[in-house]
Amino acid sequence: MKKDLLTLLDLTPEDLQSLLKRAVEFKSGKDISSCPLTGKSIGLLFNKTSTRTRISFQTGIYQLGAQAIYINTNDLQLGRGETIEDTAKVLSRYLHGIVIRTYEHDTIETLAKNSTIPIINGLTDLHHPCQALADALTIQEKKGRLKDVRMVYVGDGNNVANSLIEAALLTGIDLVIACPHGYEPDRAITENARSKGAKVTILANPGEAAKGADVLYTDVWISMGQEKEVERKKKKFEGYQINRKLLSLAKPDAIVMHCLPAHRGEEITDEVIDSPQSVVIDQAENRLHTQKALLEMLVK
Ligand code: CP
Ligand code: NVA
């Protein structure tokens, strides 16, 4: 049966461990000549902008021996009213997998239900599982473990935060989220993860959260599709910035993470994102290695 990655919980903790192990092998260059996807075609269907997700998937797919077909979903007949169901059934006859980036999470669920090929979530308003895979690899590399690492996410309880909650469940990361009231991560995702044993604490005070952090993580205050809320959100998020003062509360060897793109001067200062403690470029690189391991795992 085909397997999708719509949310991180489509993987078991064991799946994630073997995916990370394989990503390390890809990164080491050991498998440079391995082309497990030779002759296959993977669709990249995006209707939000992207630098990392699009280019890392496209490059990774090529390195695995397959071809990537990128298309803005507005240029498909979908944009003129063809149903997702029909699109899914037809594309399943041509392609061996689809990476999709879109707005509503429901859209990718419908796509997955009607496809016979693996569907990979390249970001929706609710989840960003591929980002969390690279984040897990980055923390493992820098801290030597995932379990009980105190990871403090400061900012909007958005798609990235939701996927980090699921990563905490799969890995034993001790996740603390500091966000303004009204901007907490998705309640159902949080409750589900907690009920299964995830360590997830939600606080309103970023200073209290940052104390003793091994990892300080942030994301933009205004996600794609939220452009109308700019002024209101900026006021709400004042104080939820990773700056030198907040970083001084973390452990001296804490690392700073950001999924990128960063809005420098808002959620993070230049000084911190460009500091030796920042691992954001390694984190972006790890998108490539983890997604290659994911494609190898899902695409048959
Ligand atoms: N982090 C991330 O998903 O970046 P892009 O929006 O550039 O793909
Ligand atoms: N939360 C951000 C992540 C971008 C990679 C967004 O959805 O725009």
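Each ligand, and each atom within it, is numbered from 1 in the order the structure gives.
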*Give, for atom OH of Tyr217 and atom CG of Leu164, the distance between the pair rounded to the nearest 0.5 Å.*
5.0 Å
*Report the hydrophobic cluster partners of Leu76, with the cluster defined as I, L, V, M, F, W, Y residues connected by side-chain heavy atoms closer than 4.5 angstrom, directly or transitively.*
Leu6, Leu45, Ile69, Ile71, Leu78, Ile84, Val90, Leu91, Tyr94, Leu95, Ile98, Ile100, Ile108, Leu111, Ile117, Ile119
*Do any nitrogen or oxygen atoms of Asp219 come within less than 3.5 Å of a nitrogen or oxygen of ligand 2?*
yes
Quiz: residues 170-178 side-chain donor-acceptor pairs under 3.5 angstrom, not counting sequence neighbours:
| residue | atom | partner | partner atom | Å |
| --- | --- | --- | --- | --- |
| Thr171 | OG1 | Ala167 | O | 2.6 |
| Thr171 | OG1 | Ile173 | N | 3.2 |

_Is there a polar contact, in the sense of an N or O pair closer than 3.5 Å, between Arg101 and ligand 2?_
no
_Proximal protein residues to ligand 1, non-hydrogen atoms under 4.0 angstrom_ = Ser50, Thr51, Arg52, Thr53, Arg101, His128, Gln131, Cys259, Leu260, Arg287
*asked:* Can you see whether Tyr70 has Arg54 sitting over its ring - NZ or CZ less than 6.0 Å from the centre and within 45° of the normal?
replied: yes
*Does the cation-pi check pass for Lys236 over Tyr183, that is, NZ or CZ under 6.0 Å from the six-membered ring centre and within 45° of its axis?*
no
*asked:* Give me the residue, atom name and distance of the protein heavy atom closest to atom 4 (C) of ligand 2.
replied: Leu123 CD1, 3.9 Å
*Is the shortest N/O to N/O distance between Asn159 and ligand 2 below 3.5 Å?*
yes
*Matching residue for Cys130 among Asn121, Leu294, Leu123, Thr53 - test: side chain to side chain contact (heavy atoms under 4.5 Å, CB included)*: Leu294
_Pair Lys27 + Glu141: basic N to acidic O under 4.0 Å_ = yes
*Going by the atom numbers of ligand 2, which of them fall below 4.0 Å from some non-hydrogen atom of Asn158?*
1 (N)
*Can you find a non-hydrogen atom of Leu260 under 4.0 Å from ligand 2?*
yes
*Is Lys143 salt-bridged to Asp214, going by a charged N under 4.0 Å from an acidic O?*
no
*asked:* Please list the nearest protein heavy atom to atom 8 (O) of ligand 2 with its residue and the distance rounded to 0.1 Å.
replied: Met224 N, 2.8 Å
Please tabulate, for the side chains in residues 198-209, all donor-acceptor contacts under 3.5 angstrom to protein atoms that are two or more places apart in sequence or on a different chain.
| residue | atom | partner | partner atom | Å |
| --- | --- | --- | --- | --- |
| Lys199 | NZ | Asp148 | OD1 | 2.5 |
| Asn205 | OD1 | Gly207 | N | 2.8 |
| Asn205 | OD1 | Glu208 | N | 3.1 |

